[in-house]
Amino acid sequence: RLLRICARGRSLTMSASKHVKKAVSKNKQRYIDQENNFDLDLTYITPSLIAMGVPACGFFNTLYRNPIGEVSRFINDRHPNSYRIYNCCPELPYPEKPFRGQVVRFEIQDHTPPS
């Protein structure tokens, strides 16, 4: 019974998360690949350049941001051994391990122009 309750709770959380992400994205297009179970807030600027927000860690942040595990799975599946991530948001650090050390950090504070 406990397993059923936990499974039901996980299902409800995942459903709620999808609704929250759609509300946050508003009318922006998301990267959705149903065959491989990807639903991410990112966009291809060119075939070799992707823009996206900071990947999230922790339960609450993953409700409305891209979960770091899903971003890692996407990047390593779609662009294995041929990517580099540029993190321009030092306020929201995240582990680099899921990205095999391919993260370059820029210390640009939010809402301040580079000088």
Side-chain angles (χ1 to χ4, degrees):
R1 181 177 163 106
L2 180 59
L3 289 175
R4 276 188 270 151
I5 291 170
C6 290
R8 178 77 174 139
R10 179 172 162 76
S11 175
L12 289 172
T13 301
M14 291 175 68
S15 177
S17 177
K18 282 185 179 184
H19 290 295
V20 170
K21 287 176 183 174
K22 284 184 181 182
V24 169
S25 293
K26 296 187 180 174
N27 62 350
K28 296 178 203 119
Q29 190 171 356
R30 297 179 61 83
Y31 181 89
I32 297 173
D33 176 350
Q34 292 178 345
E35 182 178 322
N36 294 296
N37 198 27
F38 289 119
D39 181 359
L40 298 168
D41 184 12
L42 62 79
T43 188
Y44 276 89
I45 296 172
T46 71
S48 61
L49 181 62
I50 299 171
M52 68 172 196
V54 175
C57 298
F59 173 76
F60 181 72
N61 289 331
T62 59
L63 286 175
Y64 61 93
R65 291 188 183 273
N66 292 332
I68 193 166
E70 287 301 294
V71 173
S72 172
R73 186 172 71 90
F74 170 79
I75 295 288
N76 289 309
D77 181 65
R78 293 288 193 269
H79 305 282
N81 303 315
S82 64
Y83 65 86
R84 172 105 4 122
I85 297 172
Y86 296 94
N87 179 359
C88 299
C89 189
E91 306 86 40
L92 297 171
Y94 55 87
E96 296 179 14
K97 188 175 181 180
F99 304 109
R100 302 175 182 158
Q102 295 299 311
V103 178
V104 177
R105 295 184 185 278
F106 288 96
E107 296 298 318
I108 302 170
Q109 295 301 312
D110 201 13
H111 303 291
T112 57
S115 57

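Put simply, Tyr64 and Ile68 are part of two different groups of oily side chains (I, L, V, M, F, W, Y) that touch within less than 4.5 Å, one to the next. Side-chain heavy atoms closer than 4.5 Å link hydrophobic residues (I, L, V, M, F, W, Y) into clusters, and following such links, even through other members, never connects Ile108 to Val103. Under the 4.5 Å side-chain heavy-atom criterion for Ile, Leu, Val, Met, Phe, Trp and Tyr, Leu63 and Leu92 are members of distinct hydrophobic clusters.
Going from atom CD of Glu70 over to atom CG of Asn37 covers 6.5 Å, rounded to the nearest 0.5 Å. In this structure, CZ on Phe106 lies 9.5 Å from CG on Asn87, to the nearest 0.5 angstrom. Rounded to the nearest 0.5 angstrom, Arg105 CZ and Cys88 SG are separated by 11.0 Å. Rounded to the nearest 0.5 Å, atoms CG (Leu42) and CD1 (Ile75) are 7.5 Å apart. Rounded to the nearest 0.5 angstrom, Arg73 CZ and Phe38 CZ are separated by 4.0 Å. Note that CZ of Arg65 and CG of Leu40 are 13.5 Å apart. Values are rounded to the nearest 0.5 Å.
At most 12 non-hydrogen atoms from other residues, nucleotides or ligands lie less than 6.0 angstrom from CD of Gln34.
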For this session: Begin with the C-alpha distance, continue with both residues' side-chain angles, and end with the deciding distance and a verdict on side-chain hydrogen bond (donor to acceptor under 3.5 Å, both in side chains) for Arg78 and Tyr31.
Result: CA-CA 12 Å; Arg78 293 288 193 269; Tyr31 181 89; 3.2 Å; yes
For this session: Before giving the answer on side chain to side chain contact (heavy atoms under 4.5 Å, CB included), spell out for Gln29 and Thr43 the whole-Å C-alpha distance, their side-chain angles and the decisive distance to 0.1 Å.
Result: CA-CA 8 Å; Gln29 190 171 356; Thr43 188; over 6 Å; no
Exercise. Given Glu96 and Ile85, is the side chain to side chain contact (heavy atoms under 4.5 Å, CB included) satisfied, shown in steps?
Worked result: CA-CA 10 Å; Glu96 296 179 14; Ile85 297 172; over 6 Å; no
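What you find for Arg30 and Asp39 is that their closest heavy atoms are NE-OD1, 2.7 Å. For Val54 against Cys89, the heavy-atom pair with the smallest separation is CG2-CB, 3.6 Å. The minimum heavy-atom distance linking Asn76 with Pro98 is given by the pair ND2-O, 3.2 Å.
Using cut-offs of 30° and 60° for the angle between ring planes, the Phe74 and His79 rings count as perpendicular.
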